[in-house]
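One-based numbering, in listed order, for ligands and for the atoms of each. Since the model is a prediction, treat every value here as computed from it, not as a measurement.
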Amino acid sequence: MSSTDPIDADILNEAGRRRTFAIISHPDAGKTTLTEKFLLYGGALGSEAGTVKARSGRRSATSDWMEMEQQRGISITSTVLQFPYRDHVVNLLDTPGHRDFSEDTYRVLAAADAAIMVLDAAKGIEPQTLKLFEVCRDREIPILSFINKWDRPGLQPLELLDDIEKQLSLTPTPLSWPVGGDSEFRGVLDQRSGDFVRFTRTARGATMAPEEVVEPERAKEEEGELYEQAVEELGLLEAVGAEYDEDTFLAGITTPVFFGSALTNFGVRLLLDAVVDLTPPPQPKEDAAGETRELDSPFSGFVFKVQANMDKSHRDRTAFFRVCSGRFERGMVVTHEATGKPMATKYVHTAFGTDRETLDEAFPGDIVGLVNANDVRIGDTLWESKQVEFPAIPAFAPAHFAIARVTDTSRFKQFRNGVSQLDEEGVVQVLRDPDIGDQAPILAAVGPMQFEVATHRLENEFGAPIELSITNYKVARVTDEASAADLRAMQGVDVLQRSDGTRLALFESPYWLDRLLGERPELVLEKLVAEGG
Ligand code: G4P
């Protein structure tokens, strides 16, 4: 059946099997371990995981993947992993763990239908979790919470729920409840089935944890006080109405909570079952004009990430898009909406758990990496047969601004190319004074670590070492041409342009901005996403 048929049952069926989600967590809470265990339960690592784990210090998410690749001989991109689970296809998107990269997370979440928030049982909500959670809230996606490391001493389960409620204003609705904890972690009460599920540790957590479903009477007899305490705590929660509710979960008002230990595999299957059973399959996407692109319409895709030089030896540039409608087939000629040009799609790939594979076809919810798509930018739409344009991804409000200058002027060309590449990838936002041009652009960032990445990449990938001078600007607002002249005449204010043409007014003093908003309401000074976050 071709994708232009009015109702393509195959496409709807395939879309309905997809679950596309991201994991967010504070560094060290266990995102990498959980990802690995998902692969184990998805059968993508064979029957053993975690046999080699020589880890040292902290690494970025990307090097996590690279390290995993080396250690396991598996190849995965830093962007997405796809694996089968039950009769579903799971797409797991990788997000950076540091708040300074929350804009990147925001873009990745544009391609996700749900998120799992991983918390460390001993720490509860940590600063990065808070920031990343706010990004999820902005994106309005449902969140499952996994309280990890229950095999170690931690906070009380009720304390953790309280923390979620108070710090995130999100109502926790436990779907599993721990029986025991620390070295006495026995298992969980599974709220959905009403059973007690007892786990058994395996050596190094390398294979799936055997599970035994135990009847309440026998559980009471065998586990005694630990079991009774868990039942009592759950009873308390039911009394205050903390029960799972699909509508409020999907609306991002409540979060189902699961307890477990990724290291020992306790609770991993229950969590993965919940991803499949509770999180929504891909939905039709609204286009820029507010029309709905139905899932079984001809192919359309939405670019949410661009990454150059993932493979240093190839100097490639990959644009990742999520399939929004229809069936994508390799070799298909698609239209790049931003330029109106046709594009061949010969070189595409995805990561199927154990391999980065050339991809032959993909369905709504799937992520495709398009190699050497040089004109394609973040936020762009690709389509076939029937035109569509999806809304762009709004940019974050930068809070750090630095002037970049190349230290060796003979490298200016490399500098200019590098800066525009980093701009396209969204590593930093690049602001220019139209009169000065590319000589000394201002790099704008949500967090200062973005500058470190930009500096490192300019020097190492583009051979253009730079010097950064931090400016006094603290806050940016979107303005227009008419307001720009007035704003430029003021002290401590400058107006610069992004490569997409947007004018940004930069202010040294947030106080001055506040005053202007009150005194000069005719000036256009619009907020960007997640300002002040
Ligand atoms: P991240 O990606 O969120 O940064 O976290 P990662 O999975 O790398 O886990 C951070 C540390 O926490 C690792 O220890 C990992 O083994 C440990 N960990 C993850 N899940 C659990 C759990 O359920 N229980 C316990 N007890 N520990 C857990 P590490 O010392 O950095 O490395 P390793 O040498 O133990 O592998």
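Looking at R152, E36, K149 and measuring to atom 17 (C) of ligand 1, the nearest heavy atom belongs to K149.
Ring geometry, F304 versus F320: the interplanar angle falls from 30° to 60°, so the pair is classed tilted. Relative ring orientation between F249 and Y244 is described as tilted, the plane-to-plane angle lying within the 30° to 60° band.
Taking any N or O of G260, backbone or side chain, none lies under 3.5 Å from an N or O belonging to ligand 1. By the 3.5 Å distance cut-off applied to N or O atoms, L34 is not counted among the residues near ligand 1. When only interatomic distances are considered, the shortest N/O to N/O separation between W150 and ligand 1 does not fall below 3.5 Å. For a threshold of 3.5 Å applied to N or O pairs, the pair formed by P27 and ligand 1 contains no separation below that value.
Looking only at atom types and distance, the side chain of T105 has no donor-acceptor partner in the side chain of T95 under 3.5 Å away. Inspection of the D366 and Q82 side chains reveals an N or O donor paired with an N or O acceptor under 3.5 Å.
Of all the heavy atoms of T33, the ones lying under 4.0 Å from any atom of ligand 1 are found in both the backbone and the side chain. Only the side chain of S25 comes within contact range of ligand 1, with a heavy atom under 4.0 Å; no backbone atom does. Only the side chain of N148 comes within 4.0 Å of ligand 1, judged by heavy-atom distances.
With R218 as reference, E222 is the one residue of E221, E215, E222 to meet the salt bridge (charged side-chain N to carboxylate O under 4.0 Å, His left out) rule.
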(message) Run the side-chain contact (heavy atoms from CB on, under 4.5 Å) test on L272 and F83 for me, step by step, so that the C-alpha distance in whole Å, both residues' side-chain angles and the decisive distance to 0.1 Å come before the verdict.
(response) CA-CA 12 Å; L272 204 44; F83 57 93; 4.3 Å; yes

